[in-house]
Every structure is written in C-alpha cells, then in structure tokens.
Amino acid sequence: AATHPLWPQIEKLTMEQLGYAQQGVEGGVWQLFAEEGEMKMYRRELEEDGLVVDPLKAVHQVRGATAHEMAHHFWSPDVRFEWDTSIEQMTVLDRISSDTIIFLQLHKRVWPTAQRDALFWSHVRKIPPSHPANGEAYDTWIVCNQSTEHPDDPKDGKCVRVDLTVCFVCQTFIDPPVQEGEEITRDNLLTKITYCSVVNPGGWAPASVLRAVYKREYPKFLKRFTQYVGEKCESQPIAF
Ligand SMILES: O=S(=O)(CCO)c1ccc(-c2ccc(C3CCCC3)c([C@H]3C[C@H]3c3ccccn3)c2)cc1
C-alpha cells in the first residue's frame with residue numbers, strides 16, 4: 001500500500017529505471033556482446049572495488065504475447081521456477097501490496113564462484129501511453145527488482161548476498177495494424193522488451209569468470225523467459 005515505508009523508494013526507483021530503460025544504446029557507451037535473432041545484449045564494463053558489476057541492457061522483440069502478459073509472468077512468484085533456471089529456492093518474505101512482493105532467492109552455484117542469494121522487492125506497474133495521439137496505443141509495463149533489507153532475512157551467512165537492480169520494461173504494438181472492427185489476433189502482437197540489470201556479486205569472483213558467466217547465462221535467461229511466456233499464452237485469450 002502507498003503507506004508502506006518502502007513506497008517512496010519503490011515509486012522513485014521504478015520511474016528512474018523506466019527512464020533508464022528507455023534511453024537508447026547509441027553513443028558508444030554500450031558494447032554489443034551477444035546477439036540472437038531479435039535479441040541484442042549490451043554491457044558496460046564496470047568494476048567496483050575490483051568486482052565486476054557490468055551494467056547489462058538487453059533489447060528484444062517478440063510476437064504473440066502482450067507487455068502485460070510478459071510483465072506479469074516476470075513478476076509472478078507462482079511461475080518463477082517454470083522459467084528461471086538460475087534459482088534453487090525462492091521464498092516470498094512479504095506481500096507489500098497486490099503489485100509489490102519481497103523475495104528471498106537462493107541462486108544455483110555458478111562454479112567456481114561461491115553460492116549467491118538475493119533479497120529484493122519486486123514491483124509491477126502499468127504506465128499509460130504518454131503520446132496516445134501518435135498511435136502509441138498500448139500501456140508500457142515495467143517490473144522493477146531492487147535489493148532491500150527485511151526483518152525475516154535469515155542472515156545465516158551460508159552464501160554471498162548479491163546486490164541487484166533489475167528492470168524489465170515492455171510495450172505492445174499492433175503490427176500489422178488491423179482494420180476498423182477487425183479482431184486483433186496474437187499474430188498482430190509485437191512486444192518490445194528492454195531488460196536492464198546491475199548485479200554486484202557481493203563477494204570476490206574473478207572478472208574473467210563473471211564475464212564468461214554473464215555472456216553464457218543472460219542470453220539463455222531472456223530467450224527462455226520469452227519463449228516460456230509465448231508458449232503459455234498462445235492458447236489463452238489475449239490479456240492487454
Ligand atoms: O532478473 S532477475 O531479477 C529474475 C529473478 O530471479 C535476476 C536475474 C539474475 C540474477 C543473478 C544472480 C546472481 C548472479 C551471479 C553473480 C555471481 C554468481 C551468480 C547472476 C549472474 C550470473 C548471471 C546470471 C544471469 C542470468 C541467470 C543466471 N545467472 C544473476 C538475479 C536476479
């Protein structure tokens with residue numbers, strides 16, 4: 001609820017991340033490091049105290065599912081194990097509101113690094129079109145994941161706590177456009193996705209190892225997620 005102590009931070013970070021995701025990848029700041037079909041993955045090489053914290057920005061576009069369907073499945077705890085192969089355990093520590101949950105996740109160990117966990121709030125929100133006039137007809141949906149503290153944090157020191165800021169922003173376009181009164185089918189849905197993440201691994205791991213893991217894991221992660229949502233939704237009524 002908007003009275004929760006985290007609410008001001010959730011509101012501020014979500015809108016900041018929306019702006020950040022909507023910035024282009026021009027200007028030579030972003031380095032293209034992986035490309036598969038419509039999916040392009042960029043990173044900036046950044047180290048903090050000798051730790052690789054490379055910001056990542058992935059852009060993708062998929063047919064057959066809406067931004068609402070993509071964002072809902074990215075946010076929902078109920079389906080996380082169906083697509084996110086990076087996690088071993090997931091606990092919902094708190095449901096702040098119908099659109100904001102606090103997760104505790106144990107990630108699978110990535111050899112030779114120590115096992116990591118993440119504790120973060122996850123907020124999903126619909127952003128109405130800012131220029132409905134020029135044909136921007138549908139809402140933008142955003143999921144923002146931000147590391148946070150929580151009283152029920154086990155703090156058992158069994159593994160290393162990552163610090164993450166992630167945003168998943170998507171918008172649906174009807175392409176090809178449909179004639180007046182014609183029914184929109186899933187073949188007309190084109191959803192553009194921008195996924196941004198900054199993960200501080202929290203404890204030392206060799207830069208070469210981390211960059212190799214990112215290069216291997218992120219393309220797989222995003223491709224698997226979008227394929228999962230497409231398959232899950234193809235036989236369902238369209239949720240705009
Ligand atoms: O988008 S989410 O919010 C979805 C909710 O789960 C998300 C995604 C990824 C991570 C994560 C956590 C730990 C690691 C590393 C750090 C050192 C060793 C493990 C990585 C790096 C390795 C990269 C990676 C990317 C994707 C999948 C798995 N592995 C990523 C956390 C949250």
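Atoms within each ligand, like the ligands themselves, are counted from 1 in listed order. Quick caveat: nothing in here was measured; it's all calculated off a predicted structure.
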For Lys126, does the NZ atom have more than 12 heavy-atom neighbours from other residues, nucleotides or ligands under 6.0 Å away? no
Could you tell me whether Glu35 and Lys40 have a side-chain N and a carboxylate O separated by less than 4.0 Å? yes
Would a distance-only check, ignoring hydrogens and angles, find a side-chain to backbone donor-acceptor pair under 3.5 Å from Lys223 to Met39? no
Proximity flag Phe74 to ligand 1, non-hydrogen atoms under 4.0 Å: yes
May I ask you to check if ligand 1 and Glu217 share an N or O to N or O distance below 3.5 Å? no
Polar atom proximity, Tyr218 to ligand 1 (N or O, under 3.5 Å): no
Within 4.0 Å of atom 15 (C) of ligand 1 (strictly less), any protein heavy atom? no
Any luck finding a side-chain donor-acceptor pair between Gln115 and Glu88 under 3.5 Å? yes
Taken to the nearest 0.5 Å, the spacing of Trp141 CH2 from Leu18 CG works out to 13.5 Å
For ligand 1, find out whether one of its N or O atoms is nearer than 3.5 Å to an N or O atom of Thr113. no
Under 4.0 Å, counting heavy atoms only: does Leu210 come that close to any atom of ligand 1? yes
Contact (N/O only, under 3.5 Å) between Tyr214 and ligand 1: no
Could you name the option among Phe120, Phe225, Tyr195 that has the heavy atom nearest to atom 2 (S) of ligand 1? Tyr195
